[in-house]
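To start, the structure itself, in structure tokens.
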Amino acid sequence: MEKYEIIIIGAGASGLAASWYLVNSGINVACFEQGDFLKKEELIELDLGGELQRFNSLSFDPNIRNSNCDYFIDSAQSPIHIANFNGVGGSTVLFSGQYPRLKPSDFLVKTNDGLAADWPINYKDLLPFYEMNDQITGVSGLSGDRKDPYFKSLMPPVPFGEMGRKLIKGFETLNWHWWPAYSAINTIPYNKRPPDDHSRPSNLGGDIRGGKGSTNNTYFPQAIDKGLILKTNCKVTKLIKNSKRNSIEKVIYIDENGEECVAKGDIIILAASGIGTPRILLSSIHDSNQRGIANSSNLVGRNLMLHPLGYIEGHFREDLRSNSGPQGCCILSQEFYDSDIKRGFHRGYTFQIIRGPLPIEAALNFTSRKLVSFGKGFFKEFNSIYNHTAHMTVITEDLPEFDNRILISNKNFDKFNNPGVEIHYKLSENTKKMLIHGLNNGRKLMRAANAYKSFVMGPVRNTGWHTLGTCCMGKNPDSSVVNEFGKAHDLENLFILDGSVFPTSGGVNPASTIQAMALYISDKIITRYISLIKK
């Protein structure tokens, strides 16, 4: 039987960060990943139709990919469909590289706003790990933002382009905050990785050059050099609890040959995402507890937060080259981030200025909205709009709701007969008001930038990348799943360090904080729980 000091489940944003930190301390670590590497030979060049892979093998949707490493996610009872990617690097393979941090106030929502819960840690606890993570990942941006005074730039910001400069004029006309995007995108050579040449959108996958700060480019090579054991195509299905001791005895997984296998670890770490982690815990039922393990609080899978997204598109007479540059990164604004109850809702949101889509996605979008029609005049109509648009999103802070949750499916199963999940999620009235406020202000910005018309929608359905809160952190075992150090309250050797531990979500992309948390919890494992490892 396989035996390791630490088993990490998931080789994505948090799992590879933790792997690097722990192997650097001389610990024997095996990281189990249900997918594999995205290989160069599997990619099609854009000029040969590679954008079409966005709709099949590189889709955000596991139900479309339907590979051996995917499980079915049923979002029929949610206005937002879950997005994920299974493989080395996890969802960072397809993420756009937006990399802002949470604010100090985001850790004190209960204290400041009387809502939800405070985190059991604060910003200063995470600050050294934010900085460590920035150093490994490589973050481009600009120091001096009044909304984030702690950030220290490592590389120049991504280029604004014509579209960015047009919207900056709008922000300045309205006297609203704006700042260059915080981006996990190389703008100069960094850590032996080249600058991104923007030849392939960051959210399409296939960053062969290595200019994007996905964890397969950043943490993985350094962790392997230090002795990490990576087990790809190994799909963990359940954890088995020791019948006599309050600990996980073994891990059950399906190997690359489809065979069921067993592995043991002194410490087990879940890093399988805010959907994958509770799926494993809820699937690990046993005779004395049909609710799964680590679930005495009945909170595993609950309090799901998804950052409902609003979208604003402005149309301009000028060619703004809006599809050029790193797709998700240009400018952000946090003019409406801080709470102000006079707006009619609690908490706030971030504006992210993003680039436009590639031609196939744009054509499908324009035809579905009847802006252009297929036929003799298609190319003339298409070219009058394509690249003449500006794009922005509203990233709303989602507050935890007990009934927003994931459940184990009893009707959808993967290729190895393991269950998928169902998403039960509704927008709160607070979030609806926040979205409307953001969309209206987005229109106002487009007018200030001299757009001749604008289009808004929200929540955008296929945007469920930020899966947070489903195994929340806290000091009280009755109201949380893990303690302030990431250890499960119910089990002595089980830790969780992905986005599922977030007590609240903030109003920014969570990747930077997820990775800082992974490093923080890894540090606590070494400094507080090292005795669990049996030398």
Side-chain angles (χ1 to χ4, degrees), residues 34-35 54-86 90-91 94 203 235 237 272-283 285 290-292 295 298-311 361 364-365 368-369 393-396 398-432 434-436 457-471 498-500 502 505 510:
Q34 62 190 31
R54 188 188 296 279
F55 305 97
N56 45 67
S57 61
L58 293 180
S59 173
F60 73 93
D61 187 348
N63 304 344
I64 291 174
R65 295 193 307 269
N66 194 30
S67 71
N68 285 344
C69 67
D70 290 315
Y71 53 89
F72 194 88
I73 300 178
D74 181 354
S75 301
Q77 299 185 65
S78 169
I80 299 171
H81 185 41
I82 299 301
N84 81 346
F85 187 80
N86 298 313
S91 292
L94 293 186
N203 64 354
K235 193 169 192 173
T237 57
S273 87
I275 301 298
T277 285
R279 175 178 179 256
I280 291 171
L281 294 175
L282 292 170
S283 296
I285 58 175
Q290 294 298 301
R291 291 198 312 204
N295 198 20
N298 192 27
L299 290 175
V300 171
R302 293 188 180 273
N303 294 316
L304 174 64
M305 298 174 283
L306 294 176
H307 281 161
L309 193 82
Y311 173 73
E361 183 181 358
L364 292 172
N365 186 293
S368 69
R369 290 159 52 192
T393 60
V394 182
I395 300 173
T396 60
D398 205 7
L399 291 168
E401 301 270 346
F402 184 74
D403 291 326
N404 284 343
R405 64 187 300 198
I406 78 158
L407 293 169
I408 299 300
S409 175
N410 59 11
K411 59 184 179 181
N412 293 305
F413 298 85
D414 67 15
K415 295 184 178 182
F416 302 103
N417 206 36
N418 293 300
V421 297
E422 296 178 3
I423 309 300
H424 292 243
Y425 178 90
K426 292 180 180 179
L427 266 70
S428 68
E429 290 304 312
N430 191 71
T431 299
K432 291 177 184 177
M434 194 185 304
L435 265 177
I436 291 168
M457 65 179 294
V460 183
R461 178 158 177 76
N462 294 331
T463 57
W465 287 106
H466 305 167
T467 54
L468 308 171
T470 50
C471 295
D498 55 35
S500 60
F502 282 38
S505 70

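Atoms considered below: every heavy atom in the structure, side chains included; atoms not considered: hydrogens, waters and symmetry mates. As the structure is a prediction and not an experimental result, all values here were calculated from the model.
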Using a distance-only test with no angle check, is there a side-chain donor-acceptor pair under 3.5 angstrom linking Asn418 and Thr237?
no
Counting C-beta onward and ignoring hydrogens, is there a side-chain heavy-atom pair between Ile80 and Ile423 closer than 4.5 Å?
no
Is Asn462 close to Asp61 at the side-chain level, that is, under 4.5 Å between some pair of heavy atoms?
no
With sequence neighbours left out, the residues meeting side chain to side chain contact (heavy atoms under 4.5 Å, CB included) with Thr470 are Pro278, Leu304, Ser500
Let me see the working for Asn203 and Arg54 under side-chain contact (heavy atoms from CB on, under 4.5 Å), right down to the final yes or no.
CA-CA 9 Å; Asn203 64 354; Arg54 188 188 296 279; 3.5 Å; yes
Taking the side chain as everything from C-beta on, heavy atoms only, tell me whether Asp398 gets closer than 4.5 Å to Tyr425.
yes
For residues 62-71, which residue pairs pass the side-chain hydrogen bond (donor to acceptor under 3.5 Å, both in side chains) check, not counting sequence neighbours?
Arg65-Asp70, Arg65-Asn84, Ser67-Asp70, Asp70-Asn86
Determine, step by step, whether Thr396 and Leu309 satisfy the side-chain contact (heavy atoms from CB on, under 4.5 Å) criterion, reporting the C-alpha distance in whole Å, the side-chain angles of both residues, the deciding distance to 0.1 Å, and the verdict.
CA-CA 6 Å; Thr396 60; Leu309 193 82; over 6 Å; no
Within the 3.5 Å criterion, strictly below it, is a donor on Ser75 or Ser78 matched to an acceptor on the partner's side chain?
no
Pair Leu281-Asn295, side-chain contact (heavy atoms from CB on, under 4.5 Å): steps then yes or no
CA-CA 8 Å; Leu281 294 175; Asn295 198 20; over 6 Å; no
Phe402 side chain reached by Leu299 side chain, heavy atoms, under 4.5 Å:
yes
Measure the shortest side-chain to side-chain distance between Asn412 and Glu422 over non-hydrogen atoms and say whether it is less than 4.5 angstrom.
no
